[in-house]
Amino acid sequence: MPEAHVGAGPLFTITELANEFDITPRAIRFYEDMGLLTPARAGRNRVYTQRDRTRLKLTLRGKRLGLSLQDVKQLVDMYDSQSDTAPQLRAFLSVLDQHRRQLRQQLSDIEVTLAEISQHEERCLALLAEAGHPAER
């Protein structure tokens with residue numbers, strides 16, 4: 001693990017990042033294990049650079065979008081790439097398109113389920129009314 005270099009920009013502790021992003025230090029260590037973050041060491045302590053902070057921010061954004069950690073890693077690694085990123089961007093666009101299709105299907109499934117729930121509710125209310133029992137809501 002690299003040693004921390006003083007003067008290489010702001011450094012953050014695991015606690016500072018955990019507090020800033022409202023996650024646990026354990027989650028940050030998990031992202032390290034997945035290769036998403038590579039903290040340096042200052043003695044026995046982990047220290048995170050601005051690069052690590054940005055990668056963590058991108059990781060959490062990807063998770064909020066519902067992307068897998070593998071897809072998030074692809075996105076985050078693209079952030080660091082110095083080479084021609086066109087192939088990576090095309091691949092990531094494909095991932096986003098697939099994810100969008102999946103979410104649209106889930107939305108459709110939810111809408112069907114909600115409609116079925118409404119039908120069942122209406123039927124139950126009608127049966128209660130027929131039996132002379134008012135509905136309690």
Side-chain angles (χ1 to χ4, degrees):
M1 190 167 282
E3 283 293 318
H5 295 288
V6 178
L11 298 176
F12 307 91
T13 66
I14 195 168
T15 303
E16 289 170 336
L17 290 180
N19 289 338
E20 178 180 354
F21 292 105
D22 196 26
I23 58 175
T24 64
R26 183 176 179 174
I28 294 174
R29 287 190 297 273
F30 176 74
Y31 296 141
E32 287 175 35
D33 292 343
M34 298 300 293
L36 292 159
L37 304 173
T38 54
R41 290 280 182 182
R44 292 177 37 150
N45 298 321
R46 292 173 169 88
V47 290
Y48 300 85
T49 62
Q50 184 62 43
R51 172 188 173 271
D52 291 312
R53 184 184 171 281
T54 301
R55 288 176 65 93
L56 179 58
K57 188 175 190 175
L58 290 170
T59 298
L60 296 173
R61 187 174 294 157
K63 281 186 48 72
R64 261 195 320 278
L65 289 172
L67 299 176
S68 70
L69 279 181
Q70 180 181 358
D71 292 338
V72 169
K73 183 162 178 9
Q74 181 181 355
L75 169 66
V76 171
D77 287 345
M78 206 181 319
Y79 168 77
D80 283 338
S81 177
Q82 301 298 324
S83 64
D84 176 19
T85 58
Q88 293 168 310
L89 290 170
R90 284 188 197 95
F92 188 60
L93 282 172
S94 175
V95 166
L96 291 175
D97 182 59
Q98 175 61 34
H99 191 63
R100 178 182 288 116
R101 280 189 262 128
Q102 180 183 10
L103 288 174
R104 284 185 176 150
Q105 182 60 54
Q106 289 174 346
L107 180 58
S108 175
D109 293 345
I110 289 169
E111 288 170 345
V112 167
T113 301
L114 287 172
E116 289 173 356
I117 288 171
S118 293
Q119 289 174 348
H120 290 300
E121 274 181 329
E122 289 173 21
R123 181 68 180 137
C124 287
L125 290 170
L127 290 171
L128 282 170
E130 285 175 20
H133 301 289
E136 297 177 16
R137 286 193 149 193

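- When all heavy atoms are compared, the tightest approach of D52 to P39 is OD2-CA, 3.9 Å.
- Under a hydrophobic-cluster definition in which Ile, Leu, Val, Met, Phe, Trp and Tyr are linked whenever side-chain heavy atoms come within less than 4.5 Å, directly or via other members, L103 and L67 are assigned to different clusters.
- A donor-acceptor pair shorter than 3.5 Å can be found between the side chains of R51 and T38.
- Distance alone, capped at 3.5 Å, places no donor-acceptor pair between the R55 side chain and the L37 backbone.
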Sequence neighbours excluded and cut-off under 3.5 Å, please list the side-chain donor-acceptor pairs for residues 123-133, or say none.
none

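- In this structure, E116 has no side-chain hydrogen bond (donor to acceptor under 3.5 Å, both in side chains) partners at least two apart in sequence or on a different chain.
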Name the atoms and distances for all side-chain donor-acceptor pairs under 3.5 Å in residues 105-115, with sequence neighbours left out.
{"unit_1": "Q105", "atom_1": "NE2", "unit_2": "D109", "atom_2": "OD1", "d": "2.8"}
{"unit_1": "T113", "atom_1": "OG1", "unit_2": "D109", "atom_2": "O", "d": "3.0"}

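- Here salt bridge (Lys or Arg N to Asp or Glu O under 4.0 Å) pairs that include residues 85-107, with residues two or more places apart or in two chains, are D97-R101.
- Within the structure, salt bridge (Lys or Arg N to Asp or Glu O under 4.0 Å) contacts touching residues 60-71 (residues at least two apart or in different chains) do not occur.
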Result block: side-chain N/O donor-acceptor pairs under 3.5 angstrom for residues 14-30, not counting sequence neighbours:
{"unit_1": "E16", "atom_1": "OE1", "unit_2": "T13", "atom_2": "N", "d": "2.8"}
{"unit_1": "N19", "atom_1": "ND2", "unit_2": "T15", "atom_2": "O", "d": "3.3"}
{"unit_1": "E20", "atom_1": "OE1", "unit_2": "R53", "atom_2": "NE", "d": "3.2"}
{"unit_1": "E20", "atom_1": "OE2", "unit_2": "R53", "atom_2": "NE", "d": "2.9"}
{"unit_1": "E20", "atom_1": "OE2", "unit_2": "R53", "atom_2": "NH2", "d": "2.4"}
{"unit_1": "T24", "atom_1": "OG1", "unit_2": "A27", "atom_2": "N", "d": "3.0"}

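- Residues R41 and R44 share a closest heavy-atom pair of NH1-O, 2.9 Å.
- Atom-to-atom distance recorded for L56:CG and Y31:OH is 7.5 Å, nearest 0.5 angstrom.
- Of the inter-residue distances, the one linking L36 atom CG with D77 atom CG reads 7.5 Å to the nearest 0.5 angstrom.
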